[in-house]
Q: 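Right, I'll just put the structure down here and ask away after.
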Amino acid sequence: MKQKLFVFLFAALLLPVHAETIKFYADSMTGNASEKNGYTTLTGNAHIVTDTMEIFADSIELSGTDFRFITASGSIRGTNSESGMSFTCNKMTYDRDTKVATLEGNVTLNDPENGVTAQAQRIEYDDISHVAVMQISITLTQKDNTCTASYAIYRKDDQMLTLEGNPQVTQNTDTFRAQQIVLNLDTQEITLDGRVRGSVTVTKNGQGD
């Protein structure tokens, strides 16, 4: 039985006054620790922790100058300590310089702070602007909203959601469709643009059916 590796990698960042400690664990590892062109491939129960990200996967590779790029595959789950977001997917790349993560394959992205859960086949999340760009088979749920589309932009800080590509928003029993839908997830205000259609359920006060 392979002994599980426990490795600390100290990687200097581009700014000389700052450095980041990367911790990683796995059943096996290959690679080299060159500061400029090093690479490390972790296989089996791979687990990596940076200052802001924690990632679990079947395999994880670190590459590039100062191990700038992280690539993970297979049964991925992770959390971001700065945004509070968590995610699962089949494939992931993360650029530690630009702070952009690309998640692919049966992606689920959770924003527990705002009660938002999004599912799609591809989500690109910018950890500086806190904006998620979603593509293909999107379903986003929040409060009484169920939103579907083929393309969406979720702005976490503003709590704004823009839907395109046959978008639809269902709020309880009410349904809205248009070419573009913009939903304020905080106020629940909805804006429809282009080929607007929908249905609403109206109750009769003081009267029975």
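As the structure is a computational prediction, the values presented were derived from the model and not from experiment.
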Q: Between Thr40 and Phe24, is any pair of side-chain heavy atoms under 4.5 Å apart?
A: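 Yes, at least one pair of side-chain atoms sits under 4.5 Å.
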
Q: Supply the atom-to-atom distance Tyr39 OH to Thr41 OG1, rounded to the nearest 0.5 angstrom.
A: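 OG1 of Thr41 is found 6.5 Å from OH of Tyr39.
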
Q: Go through the steps to decide whether Asn45 and Phe56 satisfy the test side-chain contact (heavy atoms from CB on, under 4.5 Å), and finish with yes or no.
A: CA-CA 7 Å; Asn45 298 306; Phe56 299 83; over 6 Å; no

Q: Given side chains that start at C-beta, do those of Arg122 and Leu103 come closer than 4.5 Å, heavy atoms only?
A: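 No; the side chains remain at least 4.5 Å from each other.
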
Q: Partners of Phe87 by ring pair (Phe, Tyr, Trp, His ring centres under 6.0 Å), sequence neighbours excluded?
A: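 Scan of Phe87 (ring pair (Phe, Tyr, Trp, His ring centres under 6.0 Å), adjacent residues dropped) gives none.
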
Q: Would you confirm whether Arg96, through its side chain, and Phe67, through its main-chain N or O, come within 3.5 Å as a donor-acceptor pair?
A: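 At least one qualifying donor-acceptor pair exists.
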
Q: Mind running side-chain contact (heavy atoms from CB on, under 4.5 Å) on Asn110 and Met85 for me, showing each step along the way?
A: CA-CA 6 Å; Asn110 293 300; Met85 307 275 268; over 6 Å; no

Q: Minimum heavy-atom separation for Arg177 and Leu192, please, with both atom names.
A: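 Taking Arg177 first and Leu192 second, the nearest heavy atoms are O-CD1, 4.4 Å.
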
Q: How many angstroms lie between OG1 in Thr187 and CD in Gln159, if you round to the nearest 0.5 Å?
A: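 One finds 10.0 Å between OG1 of Thr187 and CD of Gln159.
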
Q: When hydrophobic residues are tied together by side-chain contacts of less than 4.5 Å, even through go-betweens, does Leu163 share a cluster with Val196?
A: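 Linked, Leu163 and Val196 end up in one cluster.
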
Q: Rounded to the nearest 0.5 Å, how far does CG of Asp186 lie from CG of Asn114?
A: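 Here the interatomic distance stands at 8.0 Å.
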
Q: How close do Ile138 and Ser150 get, counting heavy atoms only, and between which atoms?
A: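 Answer, listing the atom of Ile138 first, then Ser150: CD1-C, 3.5 Å.
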
Q: Can you give me the closest heavy-atom contact between Asp157 and Ser129, atom names plus distance?
A: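 Shortest heavy-atom separation between Asp157 and Ser129 comes out as OD2-O, 4.0 Å.
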
Q: Counting C-beta onward and ignoring hydrogens, is there a side-chain heavy-atom pair between Val200 and Phe176 closer than 4.5 Å?
A: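 Val200 reaches Phe176 side chain to side chain.
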
Q: Do Tyr125 and Asn80 get their side chains close enough for a donor-acceptor pair, meaning under 3.5 Å?
A: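 Tyr125 vs Asn80: no donor-acceptor pair found between side chains.
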
Q: For Arg197 and Arg195, indicate whether the former's side chain and the latter's backbone hold a donor-acceptor pair under 3.5 Å.
A: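 Here the side-chain-to-backbone pair exists.
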
Q: Tell me the closest heavy-atom pair linking Ser81 and Asp51, and the distance in Å.
A: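 So the two residues come closest at OG-O, 3.5 Å.
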
Q: Taking side chain as C-beta onward, heavy atoms only, is Met134 less than 4.5 Å from Ile153?
A: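 Counting from C-beta outward, Met134 and Ile153 never come under 4.5 Å.
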
Q: Under a 3.5 Å threshold, yes or no: a donor from one side chain and an acceptor from the other, between Thr141 and Thr117?
A: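 Short answer, no.
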
Q: For a 4.5 angstrom cut-off between non-hydrogen side-chain atoms, does Tyr154 reach Ile123?
A: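 Answer no - side chains too far apart.
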
Q: Count I, L, V, M, F, W, Y as connected when their side-chain heavy atoms are under 4.5 Å apart, and connections chain through other members. Are Leu161 and Ile190 then in the same cluster?
A: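 Shared cluster, yes.
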
Q: If every non-hydrogen atom of Ala46 is compared with every non-hydrogen atom of Ala26, which pair is closest and at what distance?
A: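 Ala46 and Ala26 have their closest heavy atoms at CA-CB, 4.3 Å.
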
Q: Rounded to the nearest 0.5 Å, what separation is found between the CG atom of Leu109 and the OG atom of Ser86?
A: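 Between Leu109 CG and Ser86 OG, I get 7.0 Å after rounding to 0.5 Å.
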
Q: Applying the side-chain contact (heavy atoms from CB on, under 4.5 Å) test to Thr162, which of Thr191, Val182, Leu183 qualifies?
A: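 Filter result, single survivor: Val182.
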
Q: Let me confirm one number: the CD-CD distance from Glu164 to Gln135, rounded to the nearest 0.5 Å.
A: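 Glu164 CD to Gln135 CD: 11.5 Å, rounded to 0.5 Å.
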
Q: What distance do Ile128 atom CD1 and Ser83 atom OG have between them, rounded to the nearest 0.5 Å?
A: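 Going from CD1 on Ile128 over to OG on Ser83, the span is 12.5 Å.
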
Q: Do the side chains of Val133 and Val100 join up, straight or via other hydrophobic residues, at under 4.5 Å, putting them in one cluster?
A: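 Different clusters: Val133 never reaches Val100 through Ile, Leu, Val, Met, Phe, Trp or Tyr contacts under 4.5 Å.
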
Q: Do other residues, nucleotides or ligands put more than 12 heavy atoms under 6.0 Å from the NZ atom of Lys99?
A: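 Enclosed.
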
Q: Hey, are Arg68 and Asp95 close enough for a salt bridge, meaning a charged N less than 4.0 Å from a carboxylate O?
A: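 Yes, charged N to carboxylate O under 4.0 Å.
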
Q: Checking Thr50 against Ile70 for the side-chain contact (heavy atoms from CB on, under 4.5 Å) test, could you report, in this order, the C-alpha distance in whole Å, the side-chain angles of both residues, the deciding distance, and whether it holds?
A: CA-CA 11 Å; Thr50 73; Ile70 297 173; 4.2 Å; yes

Q: For the backbone of Leu185 and the side chain of Gln142, can you confirm whether one donor and one acceptor N or O come within less than 3.5 Å of each other?
A: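 Side chain of Gln142 to backbone of Leu185, a donor-acceptor pair under 3.5 Å: yes, one is there.
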
Q: Test side-chain contact (heavy atoms from CB on, under 4.5 Å) on Lys23 and His47; report intermediate values, then the result.
A: CA-CA 8 Å; Lys23 302 176 185 177; His47 175 196; over 6 Å; no

Q: Following the transitive rule for hydrophobic clusters with a side-chain heavy-atom cut-off under 4.5 Å over Ile, Leu, Val, Met, Phe, Trp and Tyr, establish whether Val131 and Met53 coincide in one cluster.
A: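 Hydrophobic grouping puts Val131 apart from Met53.
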
Q: Minimum heavy-atom separation for Tyr94 and Ala101, please, with both atom names.
A: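 Shortest heavy-atom contact: CD1-CB, 3.7 Å.
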
Q: Will you find, in the side chains of Asp144 and Gln171, an N or O donor that is under 3.5 Å from an N or O acceptor?
A: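 Side-chain D/A pair, Asp144 to Gln171: absent.
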
